[in-house]
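A quick write-up on the structure given underneath.
Worth knowing before you read on, the calculation uses all heavy atoms, side chains too, and leaves out hydrogens, waters and symmetry mates.
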Amino acid sequence: MNPQEQLEQRGKFRMTVFEEEYFQGKSCEFTFECQNILDRDFRKIRSIKVENGPWVGYEYPEFQGQQFILEKGDYPGYQAWSGNSSYRTEHMLSFRPIKCANHSDSKITLYECEDFMGRKFEMCEDYPSLQAMGWCSKEVPSIKVNSGAWVGYQFPGYRGYQYIFERDRHQGEYRCYNEYGTQAHTNQIQSMRRIQQ
């Protein structure tokens, strides 16, 4: 990212991370991505304040492992960002802003087979249960993001593993579940929502 882009982005994205829970210990403010918090002499991130913009946090350096959506607000401990996840991690080691989020203009297409094959369903709204809205399976084998950014959850009610889907990543195309993220071991997605700006 060149210096001009960093200046333009500075007002759109702002997050402060803390080494200990409840906003204690060493802290640092970020307005752009961090590939490895360990490079900043942190041992871990245990609490976060998001002032501007949505972010995605990762369990490991280099944007690897479990993903966590971070929208505007306070996260006093890992429970706040891992939510009702079936897999809990007590720290976060890398993060980046989600630049294409646009809650009022988000559209995504779900496909019943890999490589955008089979029956499809377009969504513009949040769905706490894909099956309740007519999707016949617990699985979503491929996804195309037409606009905006979305978070998919393993279980209904926005619970379980989180997967971030963005228009400006992979050209918005996720041809099979292993493109959902490095922690994706299944194509099970049962709820989805638009990411808040």
Side-chain angles (χ1 to χ4, degrees), residues 9 12-101 103 126-130 138 140 149-166 169 174 177-197:
Q9 187 176 326
K12 294 179 186 176
F13 301 98
R14 181 167 302 150
M15 179 170 80
T16 304
V17 300
F18 298 83
E19 198 167 47
E20 300 300 333
E21 291 185 338
Y22 298 100
F23 319 112
Q24 301 294 311
K26 186 188 297 189
S27 68
C28 187
E29 181 180 278
F30 288 88
T31 57
F32 50 88
E33 71 182 29
C34 176
Q35 292 186 6
N36 188 349
I37 197 68
L38 302 174
D39 292 342
R40 301 280 185 134
D41 293 327
F42 275 71
R43 295 180 322 227
K44 60 195 167 212
I45 296 172
R46 298 291 298 267
S47 56
I48 300 166
K49 288 182 180 252
V50 177
E51 296 172 47
N52 287 327
W55 297 72
V56 56
Y58 295 85
E59 177 181 17
Y60 299 117
E62 307 296 329
F63 315 121
Q64 302 292 308
Q66 176 65 26
Q67 303 171 20
F68 302 100
I69 185 67
L70 302 166
E71 293 164 313
K72 188 173 182 177
D74 292 348
Y75 300 83
Y78 74 91
Q79 301 92 336
W81 68 68
S82 64
N84 293 319
S85 177
S86 59
Y87 175 76
R88 294 185 184 250
T89 180
E90 294 188 21
H91 61 270
M92 187 179 303
L93 297 178
S94 59
F95 48 87
R96 62 176 177 77
I98 299 173
K99 298 177 184 174
C100 66
H103 189 263
D126 302 344
Y127 285 97
S129 172
L130 293 178
K138 293 180 180 180
V140 181
W150 296 74
V151 57
Y153 296 85
Q154 181 181 13
F155 301 119
Y158 311 121
R159 298 177 301 112
Y161 285 111
Q162 301 174 27
Y163 304 103
I164 311 303
F165 301 101
E166 301 165 80
R169 297 266 172 177
Y174 300 82
Y177 76 88
N178 60 2
E179 293 181 355
Y180 296 175
T182 60
Q183 89 288 3
H185 302 294
T186 177
N187 57 9
Q188 184 175 340
I189 295 177
Q190 297 185 64
S191 53
M192 292 194 84
R193 68 178 181 82
R194 297 161 291 172
I195 293 176
Q196 303 286 332
Q197 287 172 245

**Request:** Output every pair passing salt bridge (charged side-chain N to carboxylate O under 4.0 Å, His left out) with a member in residues 179-197, not counting sequence neighbours, ordered by first then second residue.
**Result:** E71-R193, E125-R194, D126-R194
**Fill in**
Hits for salt bridge (charged side-chain N to carboxylate O under 4.0 Å, His left out) against K44, two or more places apart or cross-chain, chain-then-number order -> none
**Message:** Suppose we screen for side-chain contact (heavy atoms from CB on, under 4.5 Å). Which residues come up paired with N178, at least two apart in sequence or across chains?
**Reply:** C176
**N/O donor-acceptor pair under 3.5 Å between K12 side chain and P97 backbone** = no
**Item:** Residues forming a ring pair (Phe, Tyr, Trp, His ring centres under 6.0 Å) with Y127, sequence neighbours excluded
**Value:** none
**Request:** State which residues pass salt bridge (charged side-chain N to carboxylate O under 4.0 Å, His left out) with D39; sequence neighbours excluded, sorted by chain then number.
**Result:** none
**Item:** Residues that Y153 engages under ring pair (Phe, Tyr, Trp, His ring centres under 6.0 Å), provided they are two or more places apart
**Value:** Y158
**Those residues that, when tested against T182, pass side-chain contact (heavy atoms from CB on, under 4.5 Å) (two or more places apart)** = Q64
**Item:** Minimum heavy-atom distance between Y161 and Q183, given as atom pair plus value
**Value:** CD2-CG, 4.2 Å
**Prompt:** Among all residues two or more places apart in sequence or in another chain, which pass the side-chain contact (heavy atoms from CB on, under 4.5 Å) test with K138?
**Reply:** Q131, Q188, Q190
**Request:** For the residue pair N187 and V140, establish whether any side-chain heavy-atom pair is separated by less than 4.5 Å.
**Result:** no
**Asked** Would a 4.5 Å heavy-atom cut-off, applied to side chains only, mark C28 and R40 as touching?
**Response** yes
**Asked** If we only count heavy atoms from C-beta on, is the E20 to R43 side-chain gap below 4.5 Å?
**Response** yes
**Message:** Please enumerate all residues that pass ring pair (Phe, Tyr, Trp, His ring centres under 6.0 Å) together with F30, with sequence neighbours excluded.
**Reply:** F95
**Message:** Please check: side-chain N/O of S191 versus main-chain N/O of F155, any donor-acceptor pairing under 3.5 Å?
**Reply:** yes
**Request:** Please name all residues satisfying salt bridge (charged side-chain N to carboxylate O under 4.0 Å, His left out) with R96, sequence neighbours left out, ordered by chain then number.
**Result:** E166
**Prompt:** For F165, which residues count as a ring pair (Phe, Tyr, Trp, His ring centres under 6.0 Å) partner, sequence neighbours excluded?
**Reply:** Y174, Y180
**Item:** Closest heavy-atom pair and its distance - Q162, I69
**Value:** OE1-N, 2.8 Å
**Request:** Kindly indicate, with the supporting measurements, whether the criterion side-chain contact (heavy atoms from CB on, under 4.5 Å) is fulfilled by M92 and I48.
**Result:** CA-CA 10 Å; M92 187 179 303; I48 300 166; 3.9 Å; yes
**Request:** May I ask you to decide if Y60's main-chain N or O and S94's side chain share a donor-acceptor pair within less than 3.5 Å?
**Result:** yes
**Prompt:** Closest approach of S47 and F23, non-hydrogen atoms and distance?
**Reply:** OG-N, 3.0 Å
**Prompt:** Looking at side-chain heavy atoms only, is the closest gap between F18 and Q24 below 4.5 Å?
**Reply:** no
**Prompt:** Taking all atoms of both residues into account, what is the closest heavy-atom pair of I98 and A149, and its distance?
**Reply:** CG2-CB, 3.7 Å
**Prompt:** Checking N36 side chain against L38 main chain: does a donor-acceptor pair fall under 3.5 Å?
**Reply:** yes
**Request:** Return the set of residues passing salt bridge (charged side-chain N to carboxylate O under 4.0 Å, His left out) with R46 (not counting sequence neighbours), or none when no residue passes.
**Result:** E21, E90
